[in-house]
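This report refers to the structure that appears directly beneath it.
Convention: sequence-line order gives letters A, B, ...; per-chain numbering from 1.
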Amino acid sequence: MKSKMSLQDTLTNHIKQAINSIYKVALETVEFQATRKEFAGDITVVVFPMLRVIKGNPMQIGEAIGNYLVENVANVKAFNVVKGFLNVEIEDGYYREFFNSIKTNTTFGFVAPSVNEKAVMVEYSSPNTNKPLHLGHVRNNLLGYSVAEIIKAAGKKVYKTQIINDRGIHICKSMLAWQRFGNNETPESTGLKGDKLVGNYYVKFDQEYKKEIKDLIAKGQTEDEAKKNAPILLEAQEMLIKWEAGDEEVVALWTKMNTWVYDGFNITYKNLGVDFDTLYYESETYLLGKEFVAEGLKTGVFFSKEDGSVWCDLTDDGLDEKIVLRSDGTAVYMTQDIGTAIQRVKDYPDVGGMVYTVGNEQDYHFQVLFLILKKLGFDWAKNLFHLSYGMVDLPSGKMKSREGTVVDADDLIVEMATTAGEISQELGKLENYSEAEKQELYKTIGLGALKYYILKVDPKKRILFDPKSSIDFQGNTGPFIQYTYARIQSILRKANLDDVVLSSTVEVALHDKEKELVKQLQLFPEVIQNAADNHSPALIANYTYDLVKEFNSFYQNVSILGANTQNEKVFRVQLAYVVANTIKNAFGLLGVQVPERM
RNA sequence: GGGCUCUUAGCUCAGCUGGAUAGAGCACCUCCCUUCUAAGGAGGCGGUCUCAGGUUCGAAUCCUGAAGGGCUCACCA
């Protein structure tokens, strides 16, 4: 494979030579930016930074470089200088050549996984098994899945994983409530999804717990006392102890109810379109990490206090002291996370870095975790990244499972599809579709709207989600982009597309809109790399939006099938094809599907 | 109180190596379907980029400080 020098690289080299021959000085770097639409030109050289090494007036320097480029560089057609900006016009031929080099490459922009590169493990979702997934999990899942796909597209092997929080007092609460009030209900007997059924008992527990607290307060206890002494809570704590001791009956119940939950989760994951390569269960990992704490004690990374608890002193790093082992020798959250990270690298030795998709309330935890792993001397510790994201809040405030003020993931998906269906029916473009096909399409559009809505914003920002008015289907939205894709497919069907048309090379003068589209396509590989480096699906979303806007403008201004010449028609069909393919691939990175019609 | 983080148009957001007159969508107002899907396009309205300093030829972008919102600072996970 021959690597072709990019336009920027070529220009950089020539500009350096120009500066060298005209001003007798060496230039370190050249700054470029896209030429603003109101000026003639395709790429702009920023002259200002050169003033550091060249004494002179930016206009004159720009003129001199411009002249040199026109004379010496094949594809440079003309130039103009505005203030300190040298706008360079490039020959159509350059863009045609680029376009022809990618037009049959269905994975343009993607880099095949390299054998030499270390793999990345991306953790996301990681729910508790006592309640169904809600909108917060949806954001987590979409982000994690998308970042995993993006890293893959950027040329690294990826393992998608999650750590399932399948043990602890919260699970026991659901179990206990079911035992007491459940009358042996099952998902089958009730027709409820397993996670919903279990979630109901978690709520039930809380109701009972509150009732008991009230009773105790009435009997004269303080609120704090009542909260500690409520019989149902004591019983749940007892249950946890039994579970840890391996009590057969408790473990059997635990297994049964968790299985219900997993069945439910799997349906939600499937509907959401996310998947995992490998799973970790907290019940299997919560004891891990202790040996490394012992190790760290020896090497002085940790120290123990008089009561036997073990700590890590991070005050030199501007943080606090952090406990890594309780005085009774049991593991804390941190211990477990240390152990799990190490375990993962043992299980998958090609892993050289990890991404943790976890809400920003755990920023501090991960800061500490990564630091400790570094101190323990793991070389992969420098490649750990906390993909932190803001909460999803409702107009009514925070979502709270126990109080039932959550936007349920399954309900949300259904609602989105319903809305998509309503809009679709109003527009009435689907005459030949069967009912099943329609439902499938509505789901694609509804999910597309939801996913795009969440992924297009910076993960760091918190989202205020108003179920009634949040998600549009017009403008900068998933459906808008899907619509453009469908419209292109319609053209391609009418064009009787075949391999000959696609692979044939035609020479046509480029329309402005065509050139802009080709330029936009050209950015895709860089956008993918950038998105991977920054763990940012939003970059992909915004790129796709820009591409689609550019295409729609082209579409309204230029007739594709009604082109004046056969050559123009062929080129435009090819262009539409490549744009559609790029939309599809880009949306694939976001986990959004594109419909053939809508 | 300490730490982290966010603040750009009425609303939701872009703006990621500091660069030209800060861009989109929604909403509101015009116009465009006898031509490839109008979930579209063309245009208008709308901004002291929270505030105050600083660095720079040049700051929404970098630095310092302030204000407001969020998160966090457990032998919980």
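- Rounded to whole Å, the distance from CZ on A/Arg597 to P on B/U37 is 10 Å.
- Atom CZ in A/Arg462 sits roughly 14 Å away from atom C1' in B/U12 (whole-Å rounding).
- Side-chain atoms of A/Lys460 stay outside donor-acceptor range of the base of B/U5, with no qualifying N/O pair under 3.5 Å.
- Scanning atom types as modelled, one donor and one acceptor separated by under 3.5 angstrom connect the side chain of A/Gln33 and the base of B/A20.
- Dashed line: the shortest gap from a side-chain N or O of A/Arg36 to OP1 or OP2 of B/G19 is not under 4.0 Å.
- A salt bridge does not link A/Lys513 with A/Glu516: none of the charged nitrogens is closer than 4.0 Å to a carboxylate oxygen.
- Close to B/A39, at under 4.0 Å from its OP1 or OP2, lies a side-chain N or O of A/Tyr483.
- You'll find a donor-acceptor pair under 3.5 Å spanning the side chain of A/Asn87 and the base of B/A20, going by distance alone.
- An anti base is found at B/C13: its glycosidic angle is more than 90° from 0.
- Rounded to a whole Å, the CD atom of A/Gln362 is 14 Å from the C1' atom of B/C4.
- In terms of phosphate contacts, A/Lys456 brings no side-chain nitrogen or oxygen within less than 4.0 Å of OP1 or OP2 of B/U12.
- Residues from residues 560-569 of chain A lying near RNA chain B, meaning a heavy-atom separation below 4.0 Å, are A/Ile560, A/Leu561 in numerical order.
- Comparing A/Glu38 and A/Asn476 against RNA chain B, the residue whose closest nucleotide sits nearer the 5' end is A/Glu38.
- We find that CZ of A/Phe465 is positioned 12 Å from P of B/C13, with the value rounded to whole Å.
- In this structure B/A66 sits in a base pair with B/U50, meeting the Watson-Crick or G-U test at under 3.5 Å.
- When the P atom is compared between B/G19 and B/A77, the two are found 46 Å apart, to the nearest whole Å.
- Between the base of B/A39 and the side chain of A/Ser424 there is a donor-acceptor pair shorter than 3.5 Å.
- Atom CD in A/Gln556 sits about 7 Å away from atom P in B/G41, given to the nearest Å.
- Going from atom CG of A/Asn552 over to atom P of B/U37 covers 13 Å, rounded to whole Å.
- The distance between atom CE of A/Met416 and atom P of B/A39, rounded to the nearest whole Å, is 17 Å.
- You'll find a donor-acceptor pair under 3.5 Å spanning the side chain of A/Thr44 and the base of B/A20, going by distance alone.
- Of all nucleotides present, none satisfies the Watson-Crick or G-U wobble test against B/U21 with each distance under 3.5 Å.
- Side-chain atoms of A/Thr315 and A/Asp313 include a donor-acceptor pair closer than 3.5 Å.
- In this structure B/U30 sits in a base pair with B/A42, meeting the Watson-Crick or G-U test at under 3.5 Å.
- Partners of A/Arg493 under the salt bridge (charged side-chain N to carboxylate O under 4.0 Å, His left out) rule, at least two apart in sequence or in another chain, do not exist in this structure.
- Atom CG of A/Asp393 is separated from atom C1' of B/C6 by 13 Å (rounded to the nearest Å).
- The C1' atoms of B/C31 and B/G10 are separated by 24 Å, rounded to the nearest whole Å.
- Under 3.5 Å, the side chain of A/Asn534 and the base of B/C16 form at least one donor-acceptor pair of N or O atoms.
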> Between A/Leu279 and A/Ile163, is a side chain to side chain contact (heavy atoms under 4.5 Å, CB included) present by the stated rule, with each step listed?
Replying inline: CA-CA 6 Å; A/Leu279 302 177; A/Ile163 178 134; over 6 Å; no
